[in-house]
Amino acid sequence: MPLKPSCLIVGAGDGVGSAIARAFAREGLAVCITRRPRNLDQLEAVAASIRSEGGEAHAFGVDARVEAEMIALIDRIEAEIGPLQVVVFNIGANVRFSVIDTTAQVYSKVWEMAALSGFFTGREAARVMAPRGKGTILFTGATASMRGGAGFSAFAGAKAALRQLAQSLAREMGPRGIHVAHVVVDGMIDGVFARSIAPDIQTLLDEDAILKPDEIARNYVWLHNQQRSAWTFELDLRPWKETW
């Protein structure tokens, strides 16, 4: 029996990553989700909820900053679960420090999380997709991908690097049949963090004034399903009331 086509989401937290996983599971893909090993219990709960809805889901405790772990993960998915049709890099790494208070350790760690791990993810996805001449690689960006803000020197540097990586991959891999896209998510996203800082969260949700993970995920599926005569490289998503 042939293996089922699969989808990998690197960085499947409680919000956007999990919503993307559910969306692709509904498309019939075998979904693989990752976070660092210390979060494996939470990840297993997400996978179980997807399976309860009739989807196929597998959880992996992986540190995406470690090259050997990412190589092994991609090889395992390809061998045991199914050929990767979609790979989504969704690690955030949003931190805020005055530039004066930003240590080398903080800057390096944020870059490793949001840029280096994105490189490992994109490279390994391209490695297995290129011989087949098809596949989709999607990167989650942020406002900081486009412009640096006060207090976000580390985050903006890492996210800008990720965007340039995505551009390079798109130009190199597009002619080989692989769709690479970068999604700029601009605005507050509903989730645990947003609910902890926004006491009027329900009002924001009712007014569609905050990004909803399921609606973000719908766009990732749309990007994957685009016909190659009209591929999108960059897509920006924001609430209708967001100032930009």
Query raised in the report: Do L138 and V87 pass the side-chain contact (heavy atoms from CB on, under 4.5 Å) test, and can you show the C-alpha distance, the side-chain angles, and the key distance before you say yes or no?
Result: CA-CA 6 Å; L138 305 174; V87 171; over 6 Å; no

Working for side-chain contact (heavy atoms from CB on, under 4.5 Å), residues D186 and L237
CA-CA 6 Å; D186 180 19; L237 302 173; over 6 Å; no

Salt bridge (charged side-chain N to carboxylate O under 4.0 Å, His left out) for R123 and E67? Distances and angles first, verdict last. CA-CA 10 Å; R123 186 192 70 188; E67 182 178 25; 2.8 Å; yes

task: Decide yes or no on side-chain contact (heavy atoms from CB on, under 4.5 Å) for C7 and L84, but give the supporting numbers first.
output: CA-CA 6 Å; C7 168; L84 279 160; 5.8 Å; no

Kindly indicate, with the supporting measurements, whether the criterion side-chain contact (heavy atoms from CB on, under 4.5 Å) is fulfilled by H179 and R228. CA-CA 8 Å; H179 184 190; R228 64 181 180 175; over 6 Å; no

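Side-chain contact, Q202 with D206: a donor N or O sits under 3.5 Å from an acceptor N or O. A side-chain donor-acceptor contact under 3.5 Å links Q227 and S229. In this structure, a donor-acceptor pair under 3.5 Å is absent between the side chains of E112 and S117. Looking at S49 and R22, their side chains do bring a donor and an acceptor atom within 3.5 Å of each other.
The two atoms that bring L73 and F60 nearest to each other are CD1-CG, 3.6 Å, heavy atoms only. Taking every heavy atom of both residues into account, R35 and A12 meet most closely at CD-O, 3.1 Å. Across I33 and A47, no two heavy atoms sit closer than the pair CD1-N, 3.9 Å. The minimum heavy-atom distance linking V31 with A21 is given by the pair CG2-O, 3.4 Å. A pairwise comparison of heavy atoms in L3 and E80 identifies CD2-O, 4.0 Å as the closest pair. Minimum heavy-atom separation, A161 to A115: CB-CB, 4.1 Å.
Partners of E234 by salt bridge (charged side-chain N to carboxylate O under 4.0 Å, His left out), not counting sequence neighbours, listed by chain and number: R163. With sequence neighbours left out, R171 forms a salt bridge (charged side-chain N to carboxylate O under 4.0 Å, His left out) with no residue at all.
When each of V16, L204, L211, I201 is tested with D190 by the rule side-chain contact (heavy atoms from CB on, under 4.5 Å), just one qualifies, namely I201. Each of K4, E27, K134, H224 was evaluated against Q85; a single residue qualifies, H224, per the side chain to side chain donor-acceptor pair (under 3.5 Å) test.
Under a hydrophobic-cluster definition in which Ile, Leu, Val, Met, Phe, Trp and Tyr are linked whenever side-chain heavy atoms come within less than 4.5 Å, directly or via other members, I189 and L162 are assigned to different clusters.
The pair E56-R51 fails the salt-bridge criterion, with no side-chain N (NZ, NE, NH1 or NH2) lying under 4.0 Å from an Asp/Glu carboxylate O. Between D75 and R127 there is a salt bridge, with a side-chain nitrogen of the basic residue lying less than 4.0 Å from a carboxylate oxygen of the acidic one.
Under the 3.5 Å distance criterion, the side-chain polar atoms of R65 are left unmatched by any main-chain donor or acceptor of M113. For the pair S18 (side chain) and G15 (backbone), a donor-acceptor distance under 3.5 Å is absent.
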Can I get a per-line list of side-chain donor-acceptor pairs under 3.5 Å for residues 89-97, giving both atom names and the distance, sequence neighbours left out?
{"from": "N90", "atom 1": "OD1", "to": "T140", "atom 2": "OG1", "distance (Å)": "2.8"}
{"from": "N90", "atom 1": "ND2", "to": "G11", "atom 2": "O", "distance (Å)": "2.9"}

